Every structure is written in structure tokens, then in C-alpha cells.
Amino acid sequence: MGAWLTRRFRSARENGLWTALALPGIAWLVLFFLAPLYIVLAIVFGRLDPIFRTPEPVWDPIKWSGSQFTYVIDRIVGSDGIFGPALLRTAVYVLLASAICMCIAFPVAYFVARLAGRRRGVILALLIAPFWISYMMRMLAWVNLLEDDGLVNKALSLGGLFSVHEEWLAGKSAVVVLGLVYGYVPYMILPLYAGLDRLPQSALEAARDLGANRPSAFFRVVLPMCRPTIVAAALLTCLPMLGDYYTNDLLSASPRTSMVGNLINETVLTPGETGYAGAFVMIVIVASLIPMLYYVRSTIKADLVAT
Amino acid sequence: MTAATRTTPASTSPATPTRTWRGPVGWWRDPWRKPRVLIGITIAYLVWSLAPVIVAVVFSFNAGKSRTVWQGFSMRWYWGDKIGSVWHNASLHTALVQTLKLGVITTVITVPLGVAFAIGIDRWRGRLPEGANVLMLLSFVLPETLLAVSLLFLVTTIAVPFELGTTAQVVGLVTFQLSYPAVLVRARLATIGRQYEEAAQDLGASAMGALRRVIMPMLMPAIFASAVLVFADVIDDFVIVRYLSSDASTEPVSVKIYNTARAAPTPALNALATLLLLAALLAVVIGFVGYRLLTRGDSTHEDRSIGAFAGEL
């Protein structure tokens, strides 16, 4: 009994230690991650100061009014749907860019993880490099190349042979999508690499030994085994793209290609429209909630398997 | 390693005639053939991903004002030019200083906070730590723009004890980066297992003592790597630092690039971006060398490659 009590006491004290270690981080996340999300709600469903046009958050959910939110919804689906096209464009751009990302990232990750041999370290370092080059610098690099007298037009004119004056930066959808691909493909390659690297070589060899040819070994062994990795990698690329407005601003700067990120960015600092920005933020959160929760769940499940 | 064992039969066993040409069908069926298509895609990708940046770096050394026509090599845009160079133009070097300042402050706050958080929720059993883990993972995948806008609302609509500017930027960055050290440290804790700690406690160490003298030294490489990752990531951050900046004096390099990239800038902007790139690469190289030193002769680290260092995010 005494020993049990001491053990019990000791474990309670230990739990105290772990609690003390975790609490600052938990408090930080609650204060600066969870609470601000509630503030967004309070602003969207809050009032607008009639004179200063500043948002007045309403903290009590019972007193929430949906006028700002319905205003935005009306502009999306209603007859004067000025926001609708941008939302639709966001979905198309993000899906298209992610698909292209996957077409590039999967072969590269597969090669580096499984076939690169001695050169793997060097190639991996080069693959990781874009991670540590500022996103803005990489976009700036493309702005330089795509300008009217930039290297792309020069290369296309084959040294003055043809006269090419393509205005790449004047609101071309293709340029924006390729810009998104360029910006986010490193974020897809690394998770894919990690997953493919963990794939047991023996399973693949067993499939070949049992008579599977190369394509069927790939489609029936490799792909099913790394499906969670593929989904996680796709989510890690899609989700940040949903809030992207800067790629668009730098590579197009035209309302013809604006995405939901641009709507947020344009309304958030405009007096009287802050509530709309909040509404767009909420729409994006709702749209990405299921993918986010899926990612969280699969990560926790993978952790449980690992321990 | 796996790839090496895969290719050895081709070179050692004389039974597989890899050198003779057997037509495209034979080439396709040869299980030991070189993955030429994949090699091609990988090289093309690497060129595509790095060449534009290299061109931008090269043009930062341009002697003229153009960022598209080469007019000779000079260091004019770094310090030669009395008005427009990074060294002489106050707004450019303010941006650089602000970026590095944010990087250092955020790293110093994030790493201890994240490491303690990771150890705490890893050991503490119950609903609350599970929920905290979910919260942390959500903060990792929530689109950054959304976090930045909600923090902007926090600062502008509530009487918080700080204003837009460096403090708000640090608060935002710490929130966004907290998951890095937390995820890396938890992954490392999972590979260490409980046995070392239990052995220490059987030998009379308290929980705190085992943590301090057994677990912490084993976590050092992961902590170090996460510090480098956080620093490199913070100095590249754009979304949070832009919304939470107060005026031009707290706008870091990334915001400067965003503001001027389409407004006919001089190569000084490329020079500024190049300096930032240099800072990030320097941090990563120092970090990787340090990581190799820290894990030297450590049998619990199977993989000490650059991939393991980057945490294989």
C-alpha cells in the first residue's frame, strides 16, 4: 500500500512536470491561434461602426448578425456575383497547379529516393535548396525573366531572328498556374521523398519475383503503399495555395486572374470591407477544414504506428 | 543505399549482358537498365527550379541599371552606388536588418517553447495534451494568409499590450513556426524510446534529472536542426510579416521585394535578395555541419544525411 502510494505520488508529480513543460506552448497556441480565429467570427458576424467604417466585433454569439456574411454570399452566387469567378478560379488554379506539381514531384522524388545511388546526397541538397531561397526571391527571378525585354522573350526570338513581344506579366492564367507550380513543387517533393524512402525495397522485389512486371509492380505495390504519403503531400501543397495572393500579384497583377487570396488581401485593409475579408477567411477555412482534419488524423495515426 | 544494392548484379554477374544492345523492347524489359527517363526528368526539374534564381543572382552584379541586359560585372548595387546600393540606401539595409532581427528573436523564443511543448505533450497522458497536439498540427497546415489576417484582427480590434510592428511580427511568426521544433522533437522522442529514461530512473534519477541529463543531450541534434530550420524559414517569411508590420521601418526584405518587384526596380533589389539567400544558405550549411558534429558516433541516428537534417518534412 505504501509503495503504491509513493508510486502514485511520484507519477502525479511527474505529470506535474510534463504539464508545466507543455503549458506555455498550449497557452501560446490558445492565445494566438485559437482566439484570433474566434475574433474573425466576431468580426464577420459583428457590426460596422457607421461613422468610421471600422469593424466592431460582437463577442456574444447570441447577438451575432449575419448581414456582412450574407452580403458576401450574395456577391458570390447572386446576380451581381462579383466574387464568384475568383472563387471558381481559385479552385481551378489550385487543382491544376497541384496536378502539375504531382506530375513533376512524383518522378523526381521516386528517382532520388530509390534510384539515385551515390549521388543522392547532392541531388537531395539541390532539391531542398528552393526551401531556403525566399519565395519572393524565386518569384522576383521569374519577373526578371518574363519581362518584355527579359530572357524568355529573347530566347524565344532566337537572338533577334523573330520579333517576340509577348507580355507574359499582363494577366495570363497559364503564367499564374505555372508560377504556383514553381513556387510550391518543393513542398510536395520532400514529403513524397520521405515516404518513398521508407518504402521497403523487399516488397517491391517480392512483387517482381512473384511475376509482376514493372508497371503492375508499381501500380499494385508501390502506389497503394504510399497512398497516405501522396495524399499528405498533395494537402501540404494545396492548402497554402488557397491563401496565396502574392504569386498572382507579382506574376499577373490583373483582376482577370485574381484568386480568393487576392480578395482577402484587397478587402482586409479597405475601410468598411474588413468584415468581407473575414467572411472570405471563413469560407477558405470551411473549404479546407476537412482536408486539414484529414491531415491531422493521418499524422496522429502515423505517430501511433511509429511509437 | 537501396539503389546501390539494386544495381550491383548488373556489374558483377556476367550472366546479364547489360552492355549489348538488344533493341528497344529488350531495353524496356531489362530490369537493371538505367532509369534514363527519371534521370532526365530530375535533371530538367533541377535546372528549371534553380536556373531562374541563379540568373537573378548574376544580374545583382550588373554594372548597369537593367535587370535584363548584361552590362558588365560590378559590385555597384551592393555598396558602390552612393544612392541606390544596399549599403547606402537606408530603406534597403533597414529591410535586411529587420529580417535578420526577426529571424534571431523568433528562433530564440520558438525553439525553447516548442521543445518544452513537445516533451510535455509527448509524456503527459490525457485529453488536454491530445487536443493541444491537434491544435499544433492545425497551426502547421492552416493557410498562412488566414493566420495572418486573424492575428491582424487580434492586434487591431483588441487592446493587446503590443502594437503592429516587430512585436506583433514576432508573435505571429512564433505561432506559425511553433510546430517545427515540436514535430521534429516528437519524432526524435519516438525513435529514442523510453528505455534510456527508465534506466536512469531505475538508477535513482528523478524525472527531471533523467530529462535533463539523459534525454536532453539525445535531443540536442533535433533541437539544433529545428533552430536552423526556424531561422531559415522566418527570414523567408512574407505573409505574416507583411500584415503585422507597422510601416516601412518594420518591412523586411520579402515585403520590400513584393512592393518593388513590379515597379521597375534596380538590380539593388536582386542584390538584397542575394544577400538574404546568402544568409539562409550560411545558416543551413552551419546547421548541417553542426548537426553532423553533434550526431558523430551516435548509434541512435541511423540516417545522418541532409534529408534527416531537414527532418524530411
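Below, each value reflects all heavy atoms present in this structure, side chains not excepted, and no hydrogens, waters or symmetry copies. These numbers were taken from a predicted model, which means no experiment stands behind them. Each chain gets a letter, A, B and so on, in the order the sequences are listed, and its residues count up from 1.
- Within the 4.5 angstrom heavy-atom criterion, atoms from both the backbone and the side chain of A:T19 approach chain B.
- Contact of the A:L236 side chain with the B:F140 side chain is registered, since non-hydrogen atoms from C-beta on lie closer than 4.5 Å.
- Of the inter-residue distances, the one linking B:M136 atom CE with A:L29 atom CG reads 8.0 Å to the nearest 0.5 angstrom.
- Counting heavy-atom pairs closer than 4.5 Å to chain A, the top-ranked of the candidates B:I121, B:L151, B:V57 is B:L151.
- With chain A as the partner, the residue from B:I235, B:N270, B:T274, B:V239 showing the most heavy-atom pairs under 4.5 Å is B:N270.
- When A:A141, A:G243, A:P36 are compared by the number of non-hydrogen pairs under 4.5 Å with chain B, A:P36 comes out ahead.
- By the neighbour-count criterion of 12 heavy atoms within 6.0 Å, atom CZ of B:R194 is densely surrounded, having more than that number from other residues, nucleotides or ligands.
- Note that CD1 of B:I257 and CG of A:L140 are 5.5 Å apart. Values are rounded to the nearest 0.5 Å.
- For B:Y45 against A:V108, the heavy-atom pair with the smallest separation is CB-CG2, 3.9 Å.
- Contacts of B:D237 with chain A are absent, with no heavy-atom separation under 4.5 Å from either backbone or side chain.
- If you measure heavy-atom distances from A:I43 to chain B, the contacts under 4.5 Å come from the side chain alone.
- If you measure heavy-atom distances from A:L289 to chain B, you find no contacts under 4.5 Å at all.
- The candidate from A:I285, A:V40, A:L250 with the greatest count of non-hydrogen atom pairs under 4.5 Å with chain B is A:L250.
- Considering only heavy-atom pairs separated by less than 4.5 Å from chain A, the leading option among B:P112, B:A116, B:A56, B:A261 is B:A116.
- Ranked by heavy-atom pairs under 4.5 Å with chain A, the first of B:I119, B:L147, B:L50 is B:L50.
- For a residue to count as touching a neighbouring chain, one of its non-hydrogen atoms must lie under 4.5 Å from one of that chain's; by this rule A:N213 does not touch chain B.
- Distance CG/A:L21 to CG/B:L211: 6.5 Å, rounded to 0.5 Å.
- Residue with the most contacts toward chain A among B:G131, B:A280, B:S139: B:S139 (heavy-atom pairs, distance under 4.5 Å).
- Note: B:I39 leads B:I39, B:L152, B:L276, B:V55 in heavy-atom pairs under 4.5 Å with chain A.
- The closest donor-acceptor contact from the side chain of A:Y182 to the backbone of B:S49 lies under 3.5 Å.
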Original post:
Stepwise, does the side chain to side chain contact (heavy atoms under 4.5 Å, CB included) test hold for A:V30 with B:L135?
Top reply: CA-CA 8 Å; A:V30 168; B:L135 208 57; 4.2 Å; yes
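- Looking at A:P186, the atoms closer than 4.5 Å to chain B (heavy atoms on both sides) sit in the backbone and in the side chain alike.
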**OP:** In sequence, state the C-alpha distance, the side-chain angles, and the governing distance for A:N265 and B:Y243, and then conclude on side chain to side chain donor-acceptor pair (under 3.5 Å).
**Re:** CA-CA 9 Å; A:N265 183 44; B:Y243 278 148; 2.8 Å; yes
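- Comparing A:I133, A:I26, A:L235 by how many heavy-atom pairs each has under 4.5 Å with chain B, the most go to A:I133.
- Heavy-atom distances place both the backbone and the side chain of B:V141 under 4.5 Å from chain A.
- Of the two parts of B:V174, the backbone and the side chain both hold a non-hydrogen atom closer than 4.5 Å to a non-hydrogen atom of chain A.
- Annotation: A:Y246 is in aromatic contact with B:F238 [ring centroid separation under 6.0 Å].
- For the options A:L23, A:L126, A:L34, heavy-atom pairs under 4.5 Å to chain B are most numerous at A:L126.
- Across B:S254 and A:M136, no two heavy atoms sit closer than the pair O-CG, 3.5 Å.
- For A:V181, the parts lying near chain B are the backbone and the side chain together; criterion is any non-hydrogen pair under 4.5 Å.
- The distance between the ring centers of B:F117 and A:W28 does not fall below 6.0 angstrom.
- What you find for A:M292 and B:L138 is that their closest heavy atoms are CB-CD2, 3.9 Å.
- Only the side chain of A:V143 comes within less than 4.5 Å of a heavy atom of chain B; its backbone N, CA, C and O stay farther away.
- The CG atom of B:L272 lies 9.5 Å from the CE atom of A:M137; values are rounded to the nearest 0.5 Å.
- Annotation: the span from B:L281 atom CG to A:W132 atom CH2 amounts to 9.0 Å, rounded to 0.5 Å.
- Interface check for chain B: of the options A:V268, A:I123, A:L242, the most heavy-atom pairs under 4.5 Å are formed by A:V268.
- Closest of all the heavy-atom pairs between A:L239 and B:P143 is O-CG, 3.2 Å.
- Heavy atoms of B:R242 lying under 4.5 Å from chain A belong exclusively to its side chain.
- Aromatic ring orientation, B:Y258 versus A:Y245: perpendicular (interplanar angle above 60°, classes split at 30° and 60°).
- Contact tally against chain B (heavy-atom pairs below 4.5 Å) for A:A35, A:P107, A:A20, A:P291: the top residue is A:P107.
- Between the OG atom of B:S150 and the CZ atom of A:F33 there is a distance of 8.0 Å, given to the nearest 0.5 Å.
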